[in-house]
Colleague: 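A single structure is presented below for examination.
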Amino acid sequence: MSTNGEADHPIVIAGAGIGGLAAALALQARGHSIIVMDKAKALREVGAGLQLSPNACSVLDQLGILEDLAPHAYAPDNLRIWSGASGRQLATVRLGSFLKERHGHPFWQIHRADLQQVLLRKAKSVTGIELRLGCEIVDLTASPYDHLSCIFQDDQVTGHQNCKALIGADGVWSKVRQLVPGHENAHFSGQVAYRTTLPVDAVPKRWLGDAGLWLNEESHLVHYPVKGGRELNIVALTSEPWQDETWSAPADKEALLHQFANWPTDVRNLLRSSDHWLKWALCSVKATAPWSHGHIALLGDAAHAMLPYMAQGAAMAIEDAAVLASHLPADTNNIPAALRAFERERKSRVAHVQDISFGNARTFHYSGAMAFARDMVLRLSKPTSLASRYDDIYGWTLDQ
């Protein structure tokens, strides 16, 4: 234990998203006092659906919130893969009971805001976690002792907060990442995601139940129930230049329909069903770039934002939180070494998942002979074999 009073300082986490709140809970359980700062003045419902595979659910179970999430989650029996060119089904991937029996935890689909709110309620219910909204870390000052002094800005003042570590969980456009020498800036992929949700009674039954993945040239479509099955989450992904000033913006439905002009009529009718679309720039941060520097570490999108073609962005942030806490017991006497060990343990796994996501981005959008070969492989594959190919990802647990 340090003798300079470091043990009395909290850990500061920048960002009250999924990764930041999960890290707050995991680190508090290890005996640390936590301050979570977020520049948002209120944590509003943002984003859309996401997938919680068994590896993520194993951590959420350890954090004691899996039962609280259950009413908000939907567990599809299958993923059905379709051709966006012909409209024919190509393959079925077993999910549901198959993955739960195989890996011990469920495969759930959930609205991002529901997950964030359950994490937030849990964080507010435990002693030792303080949440400061409308408050952003802007810089660090030198300290003669073995700890950090963070400069933060809120509506009232510019202040200083001593802390034993600063964890950057502030997303793809992370400011904390700028404090890590050799960091990588976020890179726009050239692709965008149009997102919306619809009440299930507003869409035909064919779109309900199993999750769906549609593949076509330079574009694909994903849909699945969220909100305990009460709403349908729809994500339409396509290649498109990004011209908006922010990384997400309201979208023009007609522009979306233009991008999907050659798709089957029933798909286009589904896209017409919503008048409220948001468009998101798909950006990535190379996982092989530095994540830590002294008493600073990054996690989640701040460290390794990835394309959504493996649906593991949230899961990797949740895993990060658990592994970070495992390297920081309350009596840690060398925090920089612990943060470097966290980075070493996580980097190869996250880089592997990121590579799979990049590979899927190419495969999903094949055309011509490559698309024909992909579709043939899918038609010949067994539903269980398509699910088990990701055992190394879904089967991960903290204590493995």
Side-chain angles (χ1 to χ4, degrees), residues 48-49 51 78-93 95 186-196 206-207 210-224 233-244 251-274 277-284 286 305-313 352-383 385-387 389-390 393:
Q51 299 181 41
N78 304 288
L79 168 68
R80 299 190 183 275
I81 304 177
W82 304 77
S83 167
S86 68
R88 298 172 182 168
Q89 184 171 329
L90 300 173
T92 300
V93 184
L95 302 175
H187 171 71
F188 175 53
S189 66
Q191 300 174 8
V192 301
Y194 291 81
R195 303 176 186 269
T196 193
R206 71 149 297 178
W207 300 106
D210 288 340
L213 168 63
W214 295 69
L215 310 178
N216 207 345
E217 180 179 358
E218 294 300 321
S219 58
H220 77 280
L221 179 77
V222 178
H223 56 84
Y224 51 82
N233 180 69
I234 307 169
V235 187
L237 303 99
T238 186
S239 297
E240 186 179 306
W242 188 258
Q243 299 174 338
D244 296 281
D252 178 6
K253 180 171 68 174
E254 294 307 316
L256 168 63
L257 290 171
H258 176 74
Q259 291 285 343
F260 284 73
N262 296 322
W263 280 62
T265 299
D266 53 352
V267 173
R268 287 174 51 79
N269 286 340
L270 176 67
L271 301 181
R272 286 193 183 94
S273 299
S274 177
W277 290 89
L278 287 176
K279 183 169 64 173
W280 300 66
L282 299 184
C283 301
S284 63
K286 288 179 67 174
M306 59 185 65
L307 301 183
Y309 298 99
M310 190 55 214
Q312 284 291 303
H352 170 62
V353 174
Q354 194 175 65
D355 286 345
I356 293 174
S357 299
F358 284 128
N360 285 347
R362 295 187 295 270
T363 302
F364 287 4
H365 293 178
Y366 277 156
S367 61
M370 296 296 288
F372 178 83
R374 175 203 64 203
D375 294 353
M376 183 62 67
V377 170
L378 287 171
R379 289 190 184 98
L380 296 175
S381 298
K382 295 180 180 179
S385 66
L386 288 171
R389 65 182 297 194
Y390 295 125
I393 297 176

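Along the sequence shown, the residues carry numbers beginning at 1.
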Colleague: State the OG-CZ distance between S274 and R195, to the nearest 0.5 angstrom.
Modeller: 13.5 Å
Colleague: How long is the span from the CG atom in L256 to the CZ atom in R272, to the nearest 0.5 Å?
Modeller: 10.5 Å
Colleague: Rounded to the nearest 0.5 Å, what separates atom CG in L237 from atom CG in L221?
Modeller: 8.0 Å
Colleague: Checking E240 now: which residues fulfil side chain to side chain donor-acceptor pair (under 3.5 Å) with it, not counting sequence neighbours?
Modeller: Y194, Q259, K279
Colleague: Can you tell me how far CG of N269 sits from CG of L257, rounded to the nearest 0.5 angstrom?
Modeller: 9.5 Å
Colleague: Could you pull out the closest heavy-atom pair between F364 and L213, with the gap in Å?
Modeller: CZ-CD2, 4.0 Å
Colleague: Provide the closest heavy-atom pair for P264 versus W214 in the form atom of the first, atom of the second, distance.
Modeller: CG-CZ3, 4.3 Å
Colleague: Quick one: CD on Q51 to CD on Q312, what's the gap to the nearest 0.5 Å?
Modeller: 8.5 Å
Colleague: Show your working on side chain to side chain contact (heavy atoms under 4.5 Å, CB included) between I356 and Y390 and close with a plain yes or no.
Modeller: CA-CA 10 Å; I356 293 174; Y390 295 125; 4.1 Å; yes
Colleague: With side chains defined as the heavy atoms from C-beta onward, is the minimum distance between M306 and S284 less than 4.5 Å?
Modeller: no
Colleague: Any donor-acceptor pair under 3.5 Å linking the side chain of S357 with the backbone of D355?
Modeller: no
Colleague: For Y309 and L282, run side chain to side chain contact (heavy atoms under 4.5 Å, CB included): C-alpha distance rounded to whole Å, both residues' side-chain angles, the deciding distance at 0.1 Å, then the answer.
Modeller: CA-CA 10 Å; Y309 298 99; L282 299 184; 3.8 Å; yes
Colleague: Just say parallel, tilted or perpendicular for the rings of H365 and H220, cut-offs at 30° and 60°.
Modeller: tilted
Colleague: Near D266 CG, under 6.0 Å, is it more than 12 heavy atoms from other residues, nucleotides or ligands?
Modeller: yes
Colleague: Considering non-hydrogen atoms only, spot the tightest contact between N216 and A85 and give its length.
Modeller: ND2-N, 3.6 Å
Colleague: Any chance CZ of R88 has more than 12 other-residue heavy atoms, nucleotides or ligands included, within less than 6.0 Å?
Modeller: no
Colleague: Is it the case that the side chain of N78 and the backbone of D210 share a donor-acceptor pair, with hydrogens and angles ignored and the cut-off at 3.5 Å?
Modeller: no
Colleague: Provide the closest heavy-atom pair for V192 versus A281 in the form atom of the first, atom of the second, distance.
Modeller: CG1-CA, 4.5 Å
Colleague: Can you confirm whether K253 is buried at NZ, in the sense that more than 12 heavy atoms of other residues, nucleotides or ligands lie under 6.0 Å from that atom?
Modeller: yes
Colleague: Under a 3.5 Å distance rule, please check whether R80 uses its side chain to pair with a backbone N or O of Q89 as donor and acceptor.
Modeller: no
Colleague: Atom CG of L378 and atom OG1 of T92: how far apart are they, to the nearest 0.5 Å?
Modeller: 10.5 Å
Colleague: Of all the heavy-atom pairs spanning R374 and T363, show the shortest one and how long it is.
Modeller: NH1-O, 2.8 Å
Colleague: For residues I234 and W277, report the shortest heavy-atom separation together with the two atoms involved.
Modeller: CG2-CH2, 3.9 Å
Colleague: Where the side chain of S381 meets the backbone of L386, is there a donor-acceptor pair that is under 3.5 Å apart?
Modeller: no
Colleague: Do other residues, nucleotides or ligands put more than 12 heavy atoms under 6.0 Å from F188 CZ?
Modeller: yes
Colleague: Quick check: does any side chain N or O of S273 sit under 3.5 Å from a backbone N or O of L270, one acting as donor and the other as acceptor?
Modeller: yes
